[in-house]
Each structure stands twice: as structure tokens, then as C-alpha cells.
Amino acid sequence: MASSEATIVALHYLYPTTVFAYFAVTSLAAVFTLQDLGTSKGTRVQLPGRWTTIGLLAAFVSAHIAQLITTVVRSVAGAGRPPRDDLVVGQLSCVLVFGLQLSRIYDSQQPLWYPYVGSWAMALPFEVVDGVSTWLSSSRTASIEFLLVNTILVSLRCVLLAVLLGLFCFRCIRRTSLILDEEEQPLLSNTKPPRNNESVSQRQNGHSIYGSTSTSGDDSDDRPEMPRDRRRREAHEAMERRLEAGGNWLSYAKDFMIFFPYVWPVGMPELQARAAAVVGCLLASNMFNLLIPRQTGLIMDSLSGISGANPWLAVATYIVLRLASSESGIELLRQWLWIPVQNYSNEAITRAAYSHIMYLSADFHDSKSTSDLVMAIHGGTSISKIVENVLLHAAPMLIDLGVAVVYLSVTFGSYGGFTTVATGTVFFFLASRLIAHTGRDSRRRLNAHFNEYAVRNRGFLGWSTASAFNQLGYEDNRHANAVTTRWSRETQYALRWNCSVALQSAVLTFGLAASAFFAVRRIRLGQATPGQFAMLLMYWAQLCAPLNFFARLGKSISDDFIDAEQLLDIMQRQPLVKNKKGARPLKFVAGEIEFADICFSYDGRKEVINHISLCVPPGTTVAFVGSTGAGKSTLLRLLNRFYDVTTGSIRFDGQDIRDVDLYSLRDRVGVVPQNPILFDDTIMNNVRYGKITASDEEVYDACRAASIHDKIKEFADGYDTRVGEYGVHRLSTIMSADMIVVVEKGKIIEKGSHEQLILEKGRYADLWSKQAFLKPHKYTEDGDKKLDSSDIVNDISVDETKAQLSKVKPQSGDDGTGQLEN
Ligand SMILES: Nc1ncnc2c1ncn2[C@@H]1O[C@H](COP(=O)(O)OP(=O)(O)OP(=O)(O)O)[C@@H](O)[C@H]1O
């Protein structure tokens with residue numbers, strides 16, 4: 001008899017535990033393998049109508065609640081004592097497990113079937129066995145009314161489960177016949193394809209598919225997408241693409257392994273030892289988390305005389321434990337150990353990312369804005385945050401929670417364990433849902449905030465235009481709307497945030513209330529001491545932090561992955577222009593350059609350089625002249641191998657520049673670009689930039705060779721004169737060049753000396769006649785001369801200018817935007 005009783009007790013615990021374990025494992029597997037993400041990999045069997053399922057499951061949960069009430073009423077009213085633990089905890093657990101299923105089905109438009117259907121199939125035999133065993137064990141002791149109600153409720157639950165399973169089977173059969181029908185349908189459906197810019201997440205039932213990190217949803221504004229939003233959207237889409245390609249989170253995370261050498265201090269035993277010691281500290285913290293509340297209980301028991309222990313000793317032990325676990329104890333040690341490891345990781349990632357980016361070729365740099373690159377490097381530090389979150393926070397907290405459940409179950413019986421698990425589960429689901437909602441409100445709030453600033457800035461910047469068009473009122477209104485929207489969203493966010501905090505705290509308080517109730521009951525039965533009650537209160541307060549952390553963990557990891565996405569994409573790129581295998585250093589002979597019938601296109605569609613052939617003999621000066629966009633800069637970029645020509649070849653002293661070592665080539669080619677950001681420095685440092693290790697004497701020699709040494713010496717500060725930004729292209733240099741090459745639409749249309757081209761009265765003369773090179777400079781508000789990036793310093797005298805202009809006859813139909821490169 002005792003053994004059958006024990007079997008029934010075990011059954012009451014086994015039923016919800018088995019179903020919950022199955023449901024949790026299969027749900028996690030579905031999330032992990034992305035099966036819960038909808039239909040992108042083909043249609044799948046759906047649960048019977050969502051609302052039908054919700055209705056049937058709600059009735060099933062209600063039947064459990066009804067049975068719980070019946071059990072409590074029967075025990076208290078009949079026997080005058082509380083019901084057995086297994087009966088109450090068993091029923092409560094069933095309410096929790098199936099209540100969770102209910103809330104998840106309610107939340108999801110297309111729930112994945114097998115975690116649910118599988119658990120219903122498992123529940124059915126448990127229900128039958130439970131019903132029969134209760135009948136057999138209580139038939140002699142219980143009243144006929146109780147047996148009747150119990151039988152009705154158990155039968156109802158069995159019927160509900162059978163209906164749910166039956167409906168699902170019916171669905172399966174119908175789907176099979178639909179598939180057979182579909183095989184006879186035309187291949188092309190009438191369904192509209194998704195819009196190009198529609199992200200995968202938006203295609204999945206209007207929901208974000210990867211948790212709460214959606215950038216879609218109703219947080220969009222009418223305003224144009226800001227760089228911050230664009231970066232986030234692109235990273236989010238890249239994440240979705242890679243997730244879909246990988247098929248599960250493990251494959252997805254595997255790509256991030258390229259960061260491993262930066263996160264884990266490979267080859268640095270001291271740092272590795274520190275990381276290992278940190279794990280020890282975490283385990284010690286886990287121990288303190290248990291020992292401190294326990295010691296509080298022991299103090300209480302010693303003070304009340306229950307335990308007979310020395311209260312002074314108990315308090316002293318408490319103080320020691322407290323100190324050891326505090327910021328002056330184990331925390332300090334942990335930080336001391338961990339900070340160098342953490343900083344190593346941030347430093348290594350930042351340095352590796354910068355280096356990698358700097359060695360990528362021009363195609364990459366031309367396609368990215370500086371802010372994109374800066375933000376990508378910044379986002380890379382999230383990698384170490386993920387590792388820290390998982391290893392240093394999640395793992396110890398999981399241990400804390402596990403210990404809590406076991407310890408409370410041992411001290412206060414199954415009720416104690418159950419209330420902890422139940423509160424934790426409800427809190428987790430509630431908090432993660434609330435976080436998703438507040439996350440959306442937070443994005444809306446931030447967007448409104450940035451919009452307000454943008455409108456205000458535009459208003460100030462465009463004040464003269466708004467005044468001239470008499471639109472100050474319109475701008476004022478626009479600003480007022482932006483401010484109102486921003487503050488209404490701030491209010492919305494603040495309210496939702498506070499409500500969500502209140503709700504979470506209420507769940508914890510109810511959990512505490514239930515635990516306290518069960519604890520008091522046990523103390524009154526003499527099964528626990530008042531000291532253990534004090535321990536419970538303290539322990540419970542300690543559990544809030546891990547619960548809060550876990551509720552945010554999913555979103556925080558997913559956000560960190562998104563932040564690191566851009567850097568991952570960059571780190572996976574390889575330069576398009578790189579050294580050939582076995583490339584030899586350039587052999588410098590005299591410095592002859594030959595463009596041999598070269599063609600080039602940036603995008604593979606539009607020819608930017610179109611069959612150009614040109615030979616530049618050693619020691620000659622060639623100036624490239626032509627309209628904006630003619631291809632002058634591109635020619636020089638090709639010479640420097642920023643890109644490789646599509647056809648033809650560029651030869652340096654007879655060697656194809658693609659065959660020689662890239663860096664030996666660049667050692668020989670000096671370029672001063674139109675926007676020489678790095679050249680706002682002294683003449684000495686500018687000349688030395690070509691060879692950083694050059695001595696002053698070598699710099700003088702180079703300038704003597706270029707016949708500018710004497711001129712530089714004439715300046716007040718000589719070689720220490722600062723050239724300033726954008727001050728290095730001179731008109732006189734172009735006029736005195738040995739050869740001027742006029743480029744138009746990627747072709748050479750004229751070449752010769754200045755005098756020859758002026759006399760030819762072609763395009764070059766045309767540019768002169770339009771005074772394209774002689775346009776007055778713009779002046780800043782302070783009266784300083786301001787140069788555009790493409791400006792050329794007009795350093796020829798007024799008389800010389802007049803003389804040159806008199807040689808050319810004005811012609812019509814020119815855009816007058818000619819520029820020079822030399
Ligand atoms: N990175 C790039 N990607 C795609 N197209 C480019 C890129 N750089 C230049 N182009 C295009 O190639 C053409 C030639 O540009 P290039 O800069 O060589 O002209 P340019 O003669 O030097 O003009 P400017 O005098 O204004 O500097 C233009 O149509 C330009 O828009």
C-alpha cells in the first residue's frame with residue numbers, strides 16, 4: 001500500500017516535470033535551429049485553428065485549477081488539514097506548464113507544432129493513470145461527490161487532449177491531400193514576391209523572427225532613414241541572411257570564431273591563468289550567495305535560542321562572509337584578475353580591425369563611409385561583451401538558480417522549490433515580453449529625439465532661406481510638431497517602462513508571498529525554524545538580479561551580435577588588389593611609365609577609362625587636364641594599383657605593375673591627392689611622407705632634384721613652413737609641364753605642350769577661354785581665402801594671365817568646370 005502511495009506521489013511530480021522538460025527542450029531546439037521562424041523553408045503543418053487551440057487549452061488549464069480547488073476544499077473542510085504537497089504542487093505545476101503553452105500560442109501567429117502536440121500526447125497517458133489511481137486510492141476514503149467531480153474533471157481533460165490531438169491528426173491528413181493537389185498546380189503562384197527592401201523578419205507574419213531585436217515594426221517615421229538606423233538595419237539584415245544560410249545559431253556563431261584569438265589571450269599564459277582564476281572567483285561567489293542567507297538564519301536561530309549556537313560567533317562568521325563576498329573581497333579580486341583580460345580583448349580587436357581595414361583595397365574604402373568604419377570597430381568590442389555575458393554572468397547565475405531550487409526544496413519541501421521555479425518561469429516570460437515592447441518604444445523615442453534635433457538644426461542652418469521665402473512660421477510649426485512628438489514618445493516610454501518594472505516586481509512579490517506562506521506553514525508544523533524563514537527572505541531578494549539578467553540575456557546577446565555584424569563582414573573581406581604569388585620588388589631603372597591600351601570600370605558596367613595609351617618618358621612632367629569626372633584621378637589611382645586595369649597593362653620601367661610587389665611600387669610612386677588630409681603639416685614632413693625614415697639631408701636632395709629647394713629656402717620658415725590643407729596644386733606647374741594630356745570621358749583627346757595646345761585651339765584652349773583655371777577663389781567670413789578640394793592655386797601673374805587669354809578665342813557651349821591633375 002505504501003509503495004503504491006509512493007508511486008502516486010512520484011507520478012504527481014513526474015507528470016508536469018516530464019511534460020515541461022519535453023516542451024522546454026523541443027522549444028529551445030526549435031529556436032536554436034530556427035524552426036520556429038516561420039515558413040521560409042517551405043510550408044509546415046499548423047496547429048488546428050489558433051483560437052480553437054487556445055480555447056481547448058484554456059479549458060484544460062481551467063480543469064486543473066478546478067481540481068486544485070476541489071482538493072484543497074476537500075482536505076481543509078473534510079480532514080481539517082492542508083492537502084498533501086504532491087497533490088497541490090502537482091496540480092500547480094500542470095497549471096504552470098500548460099498555462100505557459102497557452103501564453104506562447106496566444107503570442108505566436110504560427111506556433112511550431114511538435115513541442116505542443118508532443119507534450120499533449122505525453123500528458124494523455126499521465127492523465128488516464130492519474131485518474132484511475134486517484135479513483136482506486138480514494139474510493140474507500142473519499143466522498144462520492146469528490147470522486148464524481150474528480151472523475152469528471154480528469155475525463156474532461158482526457159477528452160480535451162484527445163480532441164486537440166485528433167484535430168491535429170485531421171490537419172496532417174488534410175495537408176497531405178493538399179500537397180497532392182498542389183503537385184497538380186502550376187509552378188508559378190499569384191503571390192506577390194516580397195519587396196526588395198523588405199527584410200526577412202518583416203516577411204515572417206509581420207513579426208521579428210529573431211527575438212525582440214526587430215528593426216521593423218511601427219517605429220518608422222516619415223523622415224528619411226538616418227545613418228544610425230541604416231547601419232542597424234543593414235547589420236540586422238546581414239544577421240538574418242547569415243542565420244538563414246547557417247540554419248541554426250551554432251553555425252551562425254561559428255563565423256564569429258575568427259575573433260577567438262582576440263577574445264582568448266592565445267599564447268599569453270599569464271592572462272590565461274587570470275581568466276581561469278576568475279572562474280574560481282565566480283564559483284566562490286556562488287558559494288557566498290548561499291552561505292550568507294543561511295548564516296542569517298543561523299544568527300536568528302542562535303538569538304532565539306533554538307539552535308544553542310553562540311550568537312557572537314554566528315555574527316562574526318556572517319561579517320566575514322559578507323566582507324569576503326563584497327566589493328572589498330572576492331569582487332575586488334575578480335576585477336583585478338579580469339580587467340587586464342578584458343582590456344586585452346578590446347585592445348586586440350580594435351587593433352586587428354584597424355589594421356585589417358587599412359590593408360583592404362580601394363574598392364572597399366570607396367564603398368564605406370568613415371563613420372561606418374568607426375562604428376564597425378566600435379561594435380567589435382561587443383564580442384567580448386557576449387563572452388563576458390555568457391561565461392561570467394549567465395553561467396554563475398544559472399548555478400545560483402539551480403542551487404536555490406535545490407536548497408529551498410530541501411529546506412521547505414517541494415513547495416519551496418516549486419514556488420521558486422514557478423516565479424522564475426513566469427517572471428522570465430513576462431519580462432522578456434515586456435522588454436520586447438519597451439525596446440520598440442525606446443527605438444521610437446530615440447528616433448523622435450534625433451528627429452527633433454535634425455529639425456532644429458535644419459531650421460537654424462536654413463534660416464536665411466526660410467526668411468527669404470517667408471516660411472519662418474512653417475519652420476516654427478515643424479519644430480513644434482517634432483518637439484511634441486518627441487515628448488509624447490518619452491511619456492509613452494516612461495509609462496510603459498514603469499508599468500513593466502511594477503509588473504515584474506509584483507510577480508516577485510507574489511512569489512515571495514507564496515514562499516513565505518508555505519514556509520510559515522512548515523515552521524508551524526515544526527518542520528523548519530524561524531531562522532530559516534529569515535534565510536528565505538534574504539535568499540529571495542538575491543534571486544531578483546539573476547532573474548532580471550536572464551530576462552534580458554537573449555536580447556542583449558542578439559544586440560551584441562548585431563553590433564559586431566559589421567565588423568565580422570569587414571574581417572571576412574579580402575583586398576581585391578593584392579600581391580601575386582611570388583611577386584618580386586619593382587626594379588627601378590629610370591622611371592618610364594607606360595599606359596598600354598588600358599580600360600577600366602569601377603562597377604563593371606560604365607567604362608571610366610577607355611583604351612588609353614600613353615608613354616611618359618623618365619624625368620618628364622605630364623599634366624592631365626579635363627572636365628570633372630573625365631577620369632584623371634582614376635588614371636593615377638590605377639598607376640598606384642588602387643585598382644587593377646580591366647584590360648591592357650600599366651608598365652613601370654617595362655614591368656607590368658601587377659607582377660611586382662605592391663609596396664615596392666608604392667615606394668616609388670608619390671601622390672599628392674586633391675584632398676590631402678594628412679598633408680596639413682610642414683614642408684619637411686610633407687616631403688618626408690614618401691619615406692618616413694628619410695634624413696633632413698635626403699629631403700633636401702629630393703627637393704633639389706625637383707628644383708624647389710631654393711624656393712623653399714626663401715620662405716620665412718623655410719622647410720618648417722606649414723603648407724596647410726589643400727594648398728599644393730599650382731597652375732604654373734601645369735603650364736610648364738613637358739606634356740599636357742587632355743582627357744574626356746576616359747579617352748585622351750589632346751596632348752602636347754601648353755603653347756602647342758593653345759595654338760591648336762582645341763579643348764585645352766577652350767578651357768582657358770572659359771577661364772576654367774582662373775576662377776576667383778571663395779573667401780571665408782573672416783576674409784581668408786578658401787580653397788575647394790579640387791581648386792588649383794592660380795600662381796601666375798595678371799599680365800601673364802592676360803597674355804594667355806588673348807591667345808584663345810572664346811567658344812560657346814562649355815560647362816567651364818575643367819580641372820587639372822599633375
Ligand atoms: N570609387 C568609385 N566608384 C565608382 N565610380 C567612381 C569612383 N570614383 C570615381 N568614379 C567615377 O569615375 C569617373 C571618373 O572619375 P575621376 O575621379 O577619375 O574623374 P576626374 O577626372 O579625376 O574628376 P575630378 O576632376 O572631379 O576629380 C566619374 O564618373 C566618377 O563618378
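Residues: numbered from 1 along the sequence shown. Indexing begins at 1, ligand by ligand and atom by atom, following the structure's order. All of these numbers come straight from a predicted model, not from anything done at the bench. Atom set for the values below is all heavy atoms of this structure, side chains included, hydrogens, waters and symmetry mates excluded.
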Undergrad: Counting only N and O atoms by type, is there a donor-acceptor contact under 3.5 Å from the side chain of Glu452 to the main-chain atoms of His449?
TA: no
Undergrad: At the 4.0 Å heavy-atom cut-off, does Gly626 count as touching ligand 1?
TA: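 Judged by the 4.0 Å heavy-atom criterion, Gly626 does not count as contacting ligand 1.
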Undergrad: Within a radius of less than 6.0 Å around CZ of Phe588, do more than 12 heavy atoms belonging to other residues, nucleotides or ligands occur?
TA: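 Counting other residues, nucleotides and ligands, CZ of Phe588 exceeds 12 neighbours.
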Undergrad: So does Asp659 pair up with Arg584, basic N to acidic O under 4.0 Å?
TA: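 Salt bridge between Asp659 and Arg584, a charged N being under 4.0 Å from a carboxylate O: no.
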Undergrad: Could you tell me whether ligand 1 has any atom less than 4.0 Å away from a heavy atom of Phe600?
TA: no
Undergrad: In terms of atom number and element, which parts of ligand 1 are under 4.0 angstrom from non-hydrogen atoms of Lys606?
TA: 29 (O)
Undergrad: Run the numbers for me: atoms of ligand 1, each under 4.0 Å from some heavy atom of Thr634, listed by number.
TA: 14 (C), 15 (O), 16 (P), 18 (O)
Undergrad: For ligand 1, which atoms have a heavy atom of Val608 less than 4.0 angstrom away?
TA: 12 (O), 13 (C), 14 (C)
Undergrad: Hey, are Asp653 and Arg668 close enough for a salt bridge, meaning a charged N less than 4.0 Å from a carboxylate O?
TA: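 Between Arg668 and Asp653 there is no salt bridge, as every charged N stays at least 4.0 Å from the carboxylate O atoms.
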Undergrad: Out of the candidates Val645, Asn579, Ile650, only one should pair with Arg658 under the side chain to side chain contact (heavy atoms under 4.5 Å, CB included) rule; please name it.
TA: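 Running side chain to side chain contact (heavy atoms under 4.5 Å, CB included) over Val645, Asn579, Ile650 with Arg658 returns exactly one hit, Val645.
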Undergrad: Test of understanding: given a 4.0 Å heavy-atom threshold, classify the contact between Asp366 and ligand 1 as side chain, backbone, both, or neither.
TA: side chain
Undergrad: Measure centre to centre between the rings of His709 and Tyr719, then say whether the value is under 6.0 Å.
TA: yes
Undergrad: Which residues satisfy the ring pair (Phe, Tyr, Trp, His ring centres under 6.0 Å) test with Tyr262, sequence neighbours excluded?
TA: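 Result, ring pair (Phe, Tyr, Trp, His ring centres under 6.0 Å) vs Tyr262: none returned.
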Undergrad: Going by the atom numbers of ligand 1, which of them fall below 4.0 Å from some non-hydrogen atom of Tyr643?
TA: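 It comes down to these atoms of ligand 1: 1 (N).
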Undergrad: Heavy atom of Ser627 under 4.0 Å from ligand 1?
TA: yes
Undergrad: Which residue from Phe624, Phe642, Tyr602 reaches closest to atom 6 (C) of ligand 1 through any of its heavy atoms?
TA: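 Minimum heavy-atom distance to atom 6 (C) of ligand 1 goes to Tyr602.
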Undergrad: Should you measure from each heavy atom of Ala630, which atoms of ligand 1 turn up under 4.0 Å away?
TA: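 What qualifies from ligand 1 is 19 (O), 20 (P), 21 (O).
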